[in-house]
Novice: 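Structure incoming, see below.
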2 protein chains.
Amino acid sequence: MPDKSPGRPSESAVRAWVRLERAHRAALDAVEARLSKAGLPPLAWYDVLLELERAGKAGLRSFQLQAAMLFQQYNLSRLVDRMAAAGHVAKAPSPEDGRGLVLTITASGRALRRRMWPVYANAIEDAVGQHFSDAEARQLAGLLGRLYGEE
Amino acid sequence: MPDKSPGRPSESAVRAWVRLERAHRAALDAVEARLSKAGLPPLAWYDVLLELERAGKAGLRSFQLQAAMLFQQYNLSRLVDRMAAAGHVAKAPSPEDGRGLVLTITASGRALRRRMWPVYANAIEDAVGQHFSDAEARQLAGLLGRLYGEE
DNA sequence: CCTATATGGATGTAAATGCATCTATATGGA
DNA sequence: TCCATATAGATGCATTTACATCCATATAGG
């Protein structure tokens with residue numbers, strides 16, 4: 001049992017945090033297992049592809065993608081490398097900023113995202129959707145949104 | 001926007017899941033950064049120490065700890081190795097099961113947990129507690145609990 | 001008993017991550 | 001213009017994680 005020495009976090013906050021960890025791990029493991037079993041790349045790839053697909057032809061700068069996904073800079077740099085090597089993402093120098101990089105999704109990337117979605121969707125339903133009514137899911141999303149910029 | 005091709009996961013479930021990922025990452029990064037800045041080991045160490053401290057002198061079998069933390073088996077095996085090497089955890093063969101391992105916390109482990117808690121507690125408050133009333137935190141915990149065994 | 005299978009846990013190897021630092025370009029003063 | 005500092009992104013190196021197996025003991029069925 002935590003000491004509660006500084007008295008700072010309420011017991012309920014600690015419980016919420018611990019459950020956030022556990023719930024996240026349980027759901028994530030389930031989702032990743034499904035993707036992996038289907039011979040598909042990890043979840044992070046999907047997120048990148050989706051963001052880039054939404055961005056359209058204009059693409060996104062690395063740092064924008066980074067912010068959208070809450071990824072560490074070095075982490076994203078390497079993830080994008082792998083995806084570019086696999087041909088799903090194209091890297092081009094930014095015309096506006098000599099240091100910058102513009103990322104766009106390729107046709108192969110779009111195809112991959114399309115293949116991933118049904119598997120991912122089923123996994124989300126099983127790991128998350130199943131457990132909540134629509135109203136509850138909304139409520140959960142609302143609460144969780146407070147823990148970060150919300151976009 | 002997801003295709004919704006199989007129609008299976010409701011839009012609200014997908015949103016809840018995406019926010020669960022983002023919220024978790026945001027909070028986790030904040031907490032880990034605090035621990036690291038204080039020269040303390042990662043969060044997982046705290047969880048192990050806490051579970052073992054709760055288990056008392058009897059300790060826990062590896063697989064019990066594994067289940068409590070939702071850790072992969074090989075992952076926990078190595079984490080425990082590191083903690084044992086650092087002197088915070090003791091490994092002993094199980095008297096009941098020749099394959100088994102009984103894990104207990106050492107005095108140094110207890111001391112470490114005590115040093116970690118104030119830092120961790122503050123981080124939880126800032127990353128999570130701050131954003132919710134007590135009732136909201138309870139509500140969030142309740143919803144999240146449905147996503148796994150709840151213990 | 002003896003064999004087949006299951007279970008607890010460890011481990012070799014490859015991949016991903018964290019951390020610190022590096023290079024290159026931008027930008028805001030003096 | 002020149003310098004100081006900030007920002008975008010990459011990278012070397014150490015640590016951690018994943019995946020696939022492996023070893024040893026347990027357990028069930030014949």
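Lettering of chains follows the sequences in order, A, B, ..., and the numbering in each one begins at 1.
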Novice: Roughly, in whole Å, what's the span from CG in A:Leu35 to P in D:dC19?
Specialist: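 It works out to 11 Å between those atoms.
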Novice: Which string of ( ) [ ] | and . matches DNA chain C, if you list each base 5' to 3' and count Watson-Crick or G-U pairs only when both distances are under 3.5 Å?
Specialist: ||||||||||||||||||||||||||||||
Novice: Taking the side chain as every heavy atom from C-beta outward, state whether A:Leu50 and A:Arg113 have any pair of such atoms under 4.5 Å apart.
Specialist: yes
Novice: Sequence neighbours left out, what pairs pass salt bridge (Lys or Arg N to Asp or Glu O under 4.0 Å) with at least one residue falling in residues 117-136 of chain A?
Specialist: A:Arg34-A:Asp126, A:Asp126-B:Arg8, A:Asp134-A:Arg138, A:Glu136-B:Arg146
Novice: Just by distance, do the side chain of B:Thr106 and the backbone of B:Gly87 share a donor-acceptor pair under 3.5 Å?
Specialist: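 Such a contact is found between B:Thr106 side chain and B:Gly87 backbone.
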Novice: Where the side chain of A:Glu32 meets the backbone of A:Leu43, is there a donor-acceptor pair that is under 3.5 Å apart?
Specialist: yes
Novice: Is a donor on one side and an acceptor on the other found under 3.5 Å between the side chain of A:Ser62 and the backbone of A:Leu101?
Specialist: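 No: the side chain of A:Ser62 does not pair with the backbone of A:Leu101.
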Novice: Are A:Leu20 and A:Leu144 close enough that some pair of their side-chain heavy atoms sits under 4.5 Å apart?
Specialist: yes
Novice: 5'-most contact on DNA chain C: A:Arg82 or B:Glu32, nearest heavy atom basis?
Specialist: A:Arg82
Novice: May I ask you to verify if any side-chain N or O of A:Asn75 is less than 4.0 angstrom from the OP1 or OP2 atom of C:dA16?
Specialist: no
Novice: To the nearest Å, how far apart are A:Leu79 CG and C:dA15 C1'?
Specialist: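 Roughly 13 Å, once rounded to whole Å.
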Novice: Is the backbone N or O of B:Ala68 less than 3.5 Å from a side-chain atom of A:Arg22, with the two atoms forming a donor-acceptor pair by type?
Specialist: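 Confirmed, A:Arg22 side chain pairs with B:Ala68 backbone.
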Novice: Rounded to the nearest angstrom, tell me the gap between atom CD in A:Gln72 and atom P in C:dA20.
Specialist: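 Whole-Å distance recorded here is 12 Å.
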Novice: Give the intermediate values and the outcome of side-chain contact (heavy atoms from CB on, under 4.5 Å) for residues B:Trp17 and A:Leu28.
Specialist: CA-CA 9 Å; B:Trp17 161 244; A:Leu28 180 66; 4.2 Å; yes
Novice: Send over the distance from A:Leu70 CG to C:dG18 P, rounded to a whole Å.
Specialist: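 The distance from CG of A:Leu70 to P of C:dG18 comes to 13 Å, rounded to the nearest Å.
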Novice: Could you state the atom-to-atom distance from CD of B:Glu96 to C1' of C:dT7 in whole Å?
Specialist: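 Distance check: B:Glu96 CD to C:dT7 C1' gives 15 Å.
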Novice: Would you kindly give the CZ-to-C1' distance between A:Phe71 and C:dG18, to the nearest whole Å?
Specialist: 13 Å
Novice: Does B:Leu103 reach the side chain of B:Arg61, with side-chain heavy atoms less than 4.5 Å apart?
Specialist: no
Novice: What one-letter contact string describes nucleotides 7-14 of chain D from 5' to 3', where B marks a base within less than 4.0 Å of any protein heavy atom, S marks contact via sugar-phosphate atoms alone, and - marks no contact?
Specialist: BSBBBBB-
